[in-house]
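All values reported here derive from a predicted model rather than from experimental measurement. Note that these values count all heavy atoms, side chains included, but never hydrogens, waters or copies made by symmetry. Numbers restart at 1 for each chain; the letters A, B, ... are given by sequence-line order, proteins then strands.
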Protein chains: 2
Amino acid sequence: MVSSSGTEPRKVTIHDVARSAGVSRQTVSRALNDKDEIDGSTKQRVLDAARELGYRPSRFARGLVRQDTTTIGLVIPDLLNPFFTEVAAAALEAARARGWHVVVYDTADRAEEELGTLQVIGSQVDAVIGYFSCSEDELEQFTRGVPVVLIGREHHTPRFSSIRIDGEEGVHAAVAHLVAEGHTRVGMLDHGGRAEPSVRREWFATAAAAYGIDTDMVVGADQSADGGGAALKTLLTAHPDVTAVFTFNDIIAIGALREARRLGRSVPQDLAVIGFDGLKLGALVEPPLSSVALDTRKLGALAIEQVARLLTGGNPLGADDLVVRAELRLVGSA
Amino acid sequence: MVSSSGTEPRKVTIHDVARSAGVSRQTVSRALNDKDEIDGSTKQRVLDAARELGYRPSRFARGLVRQDTTTIGLVIPDLLNPFFTEVAAAALEAARARGWHVVVYDTADRAEEELGTLQVIGSQVDAVIGYFSCSEDELEQFTRGVPVVLIGREHHTPRFSSIRIDGEEGVHAAVAHLVAEGHTRVGMLDHGGRAEPSVRREWFATAAAAYGIDTDMVVGADQSADGGGAALKTLLTAHPDVTAVFTFNDIIAIGALREARRLGRSVPQDLAVIGFDGLKLGALVEPPLSSVALDTRKLGALAIEQVARLLTGGNPLGADDLVVRAELRLVGSA
DNA sequence: TTGAAAGCGGTACCAC
DNA sequence: GTGGTACCGCTTTCAA
């Protein structure tokens, strides 16, 4: 006796409606799809029967025959991370403009969940946009045949597309600004975790070098406000003479802002802070966070646009077009 | 000549693979679905052929025959509003636990988009969870037959379910705390827009009355940080003697926090602030925002749980179980 | 181990 | 205006 207590309501099909209304299935179809080759009264009768029976057309059957609806899968590590929130919102907006549906998968920053998602997603969507941590091999293996647009990393196989984030100029401008303000000891809070330094750090190093600034004061930070705070503390302990910091991203910067206040350093007077991403969130903290800002809406729009092209087999955008440039936005913290 | 320049790649079906591999369609199916009633070499041959042709099974055809995958639609007015971000994240998490897919629709706070979504969603998902602004009549009309769980408002028709937010005790505790701290002039920043005062305001009024506190100092605020800031300014201009404010939600409270600083009032010394929602965001501002906190994860989990019951026709949760209680969390701003 | 046939629930194209 | 039929692409009996 495993069956549920409720009256397991066997799926009502178009056939049931047809029989109940005393018409054929196609007539039911006509009534439901508002075709005009049908008598008014018949139509009403069918509609009534359908309501009566609680009929709902199967999206699968319908999708099978009229191949219209496109659904894309959006895979992100953490929707609560404001950066991904913005990316997701942007993708949703761009998708909505095309009448597409977006299935969102939050992998909770777990590699296993990511793989699991990848596994199942292939048979659920027409294309994938995502921020993945797995290898391209794994990606390829699971998404075989599905267009994939990568966010937050660059692809090495022509099999994929990716939206490149170009912050070189923006970071240079940030450093230039700090130098112009008289800062000579500028530290950086890079991301922690992965072994290799980030591209953002390279941009920073290049710019710093161009201004003859020391570039060794770098501390890795967890990708969280707490991580940023802790990293700032470490940095200032090791280098008390630091008067400005550039951070891997805004979340880290916001944590640094908070920690600076706790350490009795007022921002931007005693410590200038410049983040990266330009999150809307930056406007809510005090002082407002200066940042090398990304146009996340454009990022989302580009990803969707590329998917569209990939899907139609039309000419996909090249690497040169798949770029979002970040630019310095000074509002308070520097 | 409207045809695209690319080689419109006609959909490869299981049939093509079968022919190419020199087997029948069902053998292809076996190979792809990893059944064991198939010869190893045959399987490999089929797999190769499939890869060769770039074959991808149709999710519609597959869904049609094995009726497993459930997809739920999540409709929210604005993913960038941190409250909805949390709700969405919670729903995604709960859905993932069941292996469900979630299609997210952001209606951009526009009634027309909401209706449009409603229109299309019925034929795309198995159930709907959402924060809607339209009438129950409209909801009913468009979601006919689909289980619907409402968030942020209560239902009046048995046709729907809703997750109720019970903040009565929490708000009472908030007022009690303020009173205990010596505050006698407590204002409120309610939501603006709609004509009627919010339920939260009623809770506030009731609690305030219980402590013999004046309850007229209420200002409506736009649901944004800026709105909260502006509202606080209005409030303090009209009632300079106010020493504490309770707000409709955390976003408004955060705006108030910012404005207070600009007005030279330090928080919580000169002005105590208590929000509502308990967003994670509240931990990022200075001082950390005290709030009548909601368990958004539970909210999402409840919604999904109810959907599950509705879907199986099993015994759905009653109103008494569909409640999320909010409780006071004091961390800094009061 | 493999294949033929019968659906899954709709829609389109044809007669009537 | 309405019904018959084929078919969308795949899986699941059931024989062979």
Salt-bridged, [X] to [Y], with N to O below 4.0 Å?
{"X": "B:Arg19", "Y": "B:Asp16", "result": "yes"}
{"X": "B:Glu136", "Y": "B:Arg159", "result": "no"}
{"X": "A:Arg30", "Y": "A:Asp36", "result": "no"}
{"X": "A:Lys35", "Y": "A:Glu37", "result": "no"}
{"X": "A:Glu305", "Y": "A:Arg98", "result": "yes"}

* To do: Classify the side-chain pair B:Gln124/B:Thr71 by whether it contains a donor and acceptor separated by less than 3.5 Å.
  =>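 No, no side-chain donor-acceptor contact under 3.5 Å.
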
* B:Glu154 and B:Ser162: side-chain donor and acceptor closer than 3.5 Å? ->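 Short answer, no.
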
* Listed partners of A:Arg297 passing side-chain hydrogen bond (donor to acceptor under 3.5 Å, both in side chains), at least two apart ->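 For A:Arg297 the side-chain hydrogen bond (donor to acceptor under 3.5 Å, both in side chains) partners, ignoring immediate neighbours, are A:Glu93.
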
Whole angstrom is fine here: how far is it from [atom1] in [X] over to [atom2] in [N]?
{"X": "B:Ile14", "N": "D:dC7", "atom1": "CD1", "atom2": "P", "answer": "18 Å"}
{"X": "B:His15", "N": "D:dC8", "atom1": "NE2", "atom2": "C1'", "answer": "14 Å"}
{"X": "B:Leu64", "N": "C:dT11", "atom1": "CG", "atom2": "P", "answer": "12 Å"}
{"X": "A:Lys43", "N": "D:dT2", "atom1": "NZ", "atom2": "C1'", "answer": "15 Å"}
{"X": "A:Asp39", "N": "D:dG3", "atom1": "CG", "atom2": "P", "answer": "11 Å"}
{"X": "A:Asp34", "N": "C:dT11", "atom1": "CG", "atom2": "P", "answer": "13 Å"}
{"X": "A:Asp16", "N": "C:dC8", "atom1": "CG", "atom2": "P", "answer": "11 Å"}
{"X": "A:Asn33", "N": "D:dT2", "atom1": "CG", "atom2": "C1'", "answer": "16 Å"}

What are the atom names and distances for every N/O pair under 3.5 Å that joins the protein to nucleotides 13-16 of chain D?
none

Given [N], is OP1 or OP2 found less than 4.0 Å from the side-chain N or O atoms of [X]?
{"X": "A:Ser29", "N": "C:dG10", "result": "no"}
{"X": "B:Thr13", "N": "D:dG9", "result": "no"}
{"X": "A:Lys35", "N": "C:dA12", "result": "yes"}
{"X": "A:Thr27", "N": "D:dT2", "result": "no"}

* Nearest-nucleotide 5' precedence on DNA chain C, B:Val65 against B:Gly22 ->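 Checking each residue's closest nucleotide, the 5'-ward one belongs to B:Gly22.
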
* To do: Please collect all ring-ring contact (aromatic ring centres under 6.0 Å, His included) contacts where either partner lies in residues 12-34 of chain B, sequence neighbours excluded, each pair once.
  => none

* Can you list every ring-ring contact (aromatic ring centres under 6.0 Å, His included) pair that touches residues 53-86 of chain A, not counting sequence neighbours? -> A:Phe84-A:Tyr131

* Kindly point out which of C:dG10, D:dT2, C:dT2 is positioned nearest to the side chain of A:Thr42? =>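 Among the listed nucleotides, the one closest to the side chain of A:Thr42 is D:dT2.
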
* Using the closest heavy atom to pick a nucleotide of DNA chain D for each, name whichever of A:Arg25 or A:Ser41 lands nearer the 5' end. => A:Ser41

* Asked: Between A:Glu52 and A:Ser20, is a side chain to side chain donor-acceptor pair (under 3.5 Å) present by the stated rule, with each step listed?
  -> CA-CA 9 Å; A:Glu52 194 79 21; A:Ser20 164; over 6 Å; no

* Please work out if B:Val23 contacts a base, only the sugar-phosphate, or nothing of the nucleic acid, heavy-atom cut-off 4.0 Å. =>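 Counting heavy atoms under 4.0 Å across all strands, the contact made by B:Val23 is with sugar-phosphate only.
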
* Nearest 0.5 Å, what's the CZ-CG distance between B:Arg59 and A:Asp126? ->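 If I round to the nearest 0.5 Å, the distance is 4.0 Å.
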
* In residues 55-62 of chain B, which residues come under 4.0 Å of DNA chain D by heavy atom? ->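 Contacting residues: B:Tyr55, B:Arg56, B:Pro57, B:Ser58, B:Ala61, B:Arg62.
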
* Asked: In degrees rounded to 10°, what angle is found between the helical axes fit to the five outermost pairs at each end of the helix from C:dT1-D:dA16 to C:dC16-D:dG1?
  -> 40°

